[in-house]
2 protein chains.
Amino acid sequence: MSLEQASEIQRRMYDFIVNYMKSEGMPPTNREIGRELNIASTGHVDYHLTMLEKKGLISRQAKKSRGIKLTKQVQEGIPVMGIIAAGEPLDIFSDASSSINIGSDMIETENTYALVVRGRSMIEDHICDGDYVVIKPQSTCQNGDIVVAVHMQEGASGSSTLKRFFQEKEHNRVRLQPANSELDPIMIPKSVWDREWQIQGKVVAIFRQCIAAA
Amino acid sequence: MSLEQASEIQRRMYDFIVNYMKSEGMPPTNREIGRELNIASTGHVDYHLTMLEKKGLISRQAKKSRGIKLTKQVQEGIPVMGIIAAGEPLDIFSDASSSINIGSDMIETENTYALVVRGRSMIEDHICDGDYVVIKPQSTCQNGDIVVAVHMQEGASGSSTLKRFFQEKEHNRVRLQPANSELDPIMIPKSVWDREWQIQGKVVAIFRQCIAAA
DNA sequence: TATCTTCTGGAATAGTCGTTCTAGTTTTTG
DNA sequence: CAAAAACTAGAACGACTATTCCAGAAGATA
């Protein structure tokens, strides 16, 4: 039922169909597929399309020109990859359980992902419990950026946290600042930072769903 | 260059193409168009397609089956209809100047629209200056809902505001409550409310773009 | 009234399209 | 090794498709 059990050529065929539909707005004909993949015979193309259909990747409308449909529509949204709660280990869903769909007009959707915020550690920056934060992966950032920082501890899975990042050169340390006056910032000597910490990405957008009156 | 200068039949043809592409994932053939619109001749269909092309609504790839493309891709996002600032007249863009694209998995996109928030009147509900609020149009709401309320004043364009709605039966009035302790709620006697006010819709989601460090 | 644009139907054509068949090669499996 | 499965090429067929030409009707224009 998935791409893994398709052969090399069938994978390339499937990719071509997806890209063709994205750029042309319609599925390709069997002959166009053959031309692209250097397949001499249309019967040959038909054979592999039948295989792709049998494996559940596409469906076809008999006799219709360009009668190819993708069974799973292309994932255009931003995958929700897990839950982030300050200080606790990041709960990563290996497979995106859902996705939020924010248009490419506003945000680069390439490589970005979303996390669900737990807790009130960034409440004074108006990031609430339950909000989705859209993360653009990057390993560096500027002072004041809201970032996902991961503490790599030996022998344990790293714990991650959502904080504002400040590099304090005068003290030779990094400060991870929550936006909650009840919570204390985390101060990390630069040497420890370099050894044990890692920036995973930066918050580029926030999305909140208002279910009912709070 | 627009739908207005197309004739009735051409408008129906254009609509059919849009709907067909949405449901089938490919453009229709000339014959399928003719069948749907009760046009006997394929030459006749070609004539109107040529007209639609001349008017800039579609483009065609000669000789290719289903060779129709929509020039302006279908607006799938939520249109940003204006700016809302507490108490000031709603700045409505008659034509959506932009759109944010939030997937239908999360929100009904049908009929919903977005407004850009100006000011800090809802800051304690963590709705900030510059945030997009997604509005689901409805004329009634429940206590505690965050709504767009419009004050219809005679001889002037109505002013609108973003507030929490409370019907206070014991005082026979409506209270529009800002989420900012520096601002006072608006108290409106029920009779005045019924005569001069109108609920335009309810906030169902919030979207914020983080440009840089604040 | 005469003229132009828009709209409609029918027929024909050249090429495109999905599908099927035969026949062969290569790779995998038992 | 032998059998099965997967892959490849070529050709051919009937249906489908876009396009063009002809001819006429309806309505607006001037």
Side-chain angles (χ1 to χ4, degrees), chain A residues 1-21 23-71, chain B residues 1-21 23-71:
Chain A
M1 285 287 193
S2 71
L3 256 180
E4 281 79 37
Q5 53 187 265
S7 69
E8 162 69 15
I9 179 115
Q10 282 158 22
R11 236 191 317 264
R12 282 201 297 144
M13 189 173 289
Y14 182 81
D15 286 346
F16 173 67
I17 295 169
V18 170
N19 289 331
Y20 189 101
M21 290 185 68
S23 67
E24 301 295 324
M26 59 180 120
T29 66
N30 293 10
R31 282 174 174 82
E32 286 169 334
I33 295 172
R35 213 173 305 144
E36 175 71 18
L37 301 188
N38 292 316
I39 295 174
S41 160
T42 59
H44 184 185
V45 173
D46 185 77
Y47 166 77
H48 284 302
L49 286 177
T50 307
M51 289 298 133
L52 284 174
E53 193 174 16
K54 199 179 289 179
K55 287 164 186 171
L57 288 162
I58 63 172
S59 65
R60 299 165 83 193
Q61 293 171 267
K63 309 276 184 186
K64 283 209 167 189
S65 70
R66 306 177 188 273
I68 299 175
K69 261 188 188 174
L70 302 178
T71 44
Chain B
M1 286 290 193
S2 71
L3 255 182
E4 281 79 36
Q5 54 187 261
S7 69
E8 161 70 15
I9 179 114
Q10 280 158 24
R11 235 190 318 265
R12 283 201 297 144
M13 190 174 288
Y14 181 81
D15 285 347
F16 173 67
I17 295 169
V18 171
N19 289 333
Y20 189 101
M21 289 183 69
S23 67
E24 302 295 324
M26 60 181 119
T29 66
N30 293 11
R31 266 160 247 269
E32 285 168 336
I33 295 172
R35 213 174 305 144
E36 176 71 16
L37 301 187
N38 292 316
I39 293 174
S41 162
T42 59
H44 183 184
V45 173
D46 185 77
Y47 166 77
H48 284 302
L49 286 177
T50 307
M51 290 297 133
L52 285 174
E53 193 174 17
K54 199 179 291 178
K55 287 164 187 170
L57 288 162
I58 63 172
S59 66
R60 300 164 81 192
Q61 293 171 266
K63 310 275 185 185
K64 284 207 167 190
S65 71
R66 306 177 188 273
I68 300 174
K69 261 189 189 176
L70 301 177
T71 45

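The sequence lines fix the lettering, A, B, ..., with proteins before strands; numbering per chain opens at 1. Side-chain atoms are counted along with the backbone in the values below, which use heavy atoms only and exclude waters and symmetry mates.
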Do A:Met26 and B:Gln61 have side-chain heavy atoms sitting under 4.5 Å apart? yes
Between the protein and nucleotides 26-29 of chain C, list the N/O to N/O atom pairs that are separated by less than 3.5 angstrom.
none

Outermost contacting nts on DNA chain D, any atom under 4.0 Å from chain B heavy atoms, listed 5' then 3', are D:dT17 to D:dT20
What's the spacing between B:Leu52 CG and B:Ile17 CD1 if we round to 0.5 Å? 6.0 Å
Atom CD1 of B:Ile33 and atom CZ of B:Arg12: how far apart are they, to the nearest 0.5 Å? 12.5 Å
Contacts table for residues 34-45 of chain B: side-chain donor-acceptor under 3.5 angstrom, sequence neighbours left out:
residue, atom, partner, partner atom, Å
B:Ser41, OG, B:Gly43, N, 3.0
B:Ser41, OG, B:His44, N, 3.3
B:His44, NE2, B:His48, NE2, 3.2

Both distances under 3.5 Å, Watson-Crick or G-U wobble: on that basis, could you give the dot-bracket string for DNA chain C, with [ ] for crossing pairs and | for other-strand partners? ||||||||||||||||||||||||||||||
Gap between atom CD1 of B:Ile68 and atom CG of B:Leu49 - 0.5 Å precision: 5.0 Å
Assess the residue pair A:Arg60 and A:Asp46 against the criterion (side-chain contact (heavy atoms from CB on, under 4.5 Å)); give the C-alpha distance rounded to whole Å, side-chain angles, the decisive distance to 0.1 Å, and a yes or no. CA-CA 11 Å; A:Arg60 299 165 83 193; A:Asp46 185 77; 2.8 Å; yes
Set of ring pair (Phe, Tyr, Trp, His ring centres under 6.0 Å) partners for A:Phe16, sequence neighbours left out: A:Tyr20
Could you grab the distance from atom CG of A:Leu57 to atom CZ of A:Arg11, nearest 0.5 Å is fine? 10.5 Å
Could you encode protein contacts along nucleotides 15-25 of chain C as a string, one character per nucleotide from 5' to 3', using B for base contact, S for sugar-phosphate-only contact and - for no contact, with a heavy-atom cut-off of under 4.0 Å? --BBBB-----
Using a cut-off of strictly less than 4.0 Å, decide whether B:Ser7 has a side-chain nitrogen or oxygen near OP1 or OP2 of C:dC7. yes
Going by ring pair (Phe, Tyr, Trp, His ring centres under 6.0 Å), name the pairs with one or both residues in residues 23-43 of chain A, residues two or more places apart or in two chains. none
In chain order, what residues pass the side chain to side chain donor-acceptor pair (under 3.5 Å) check against A:Lys64, with sequence neighbours excluded? B:Glu32
Rounded distance (nearest 0.5 Å) linking atom CZ of B:Arg66 with atom CZ of A:Arg66: 8.5 Å
Tell me, please, which residues at least two apart from B:Arg31 pass salt bridge (Lys or Arg N to Asp or Glu O under 4.0 Å). none
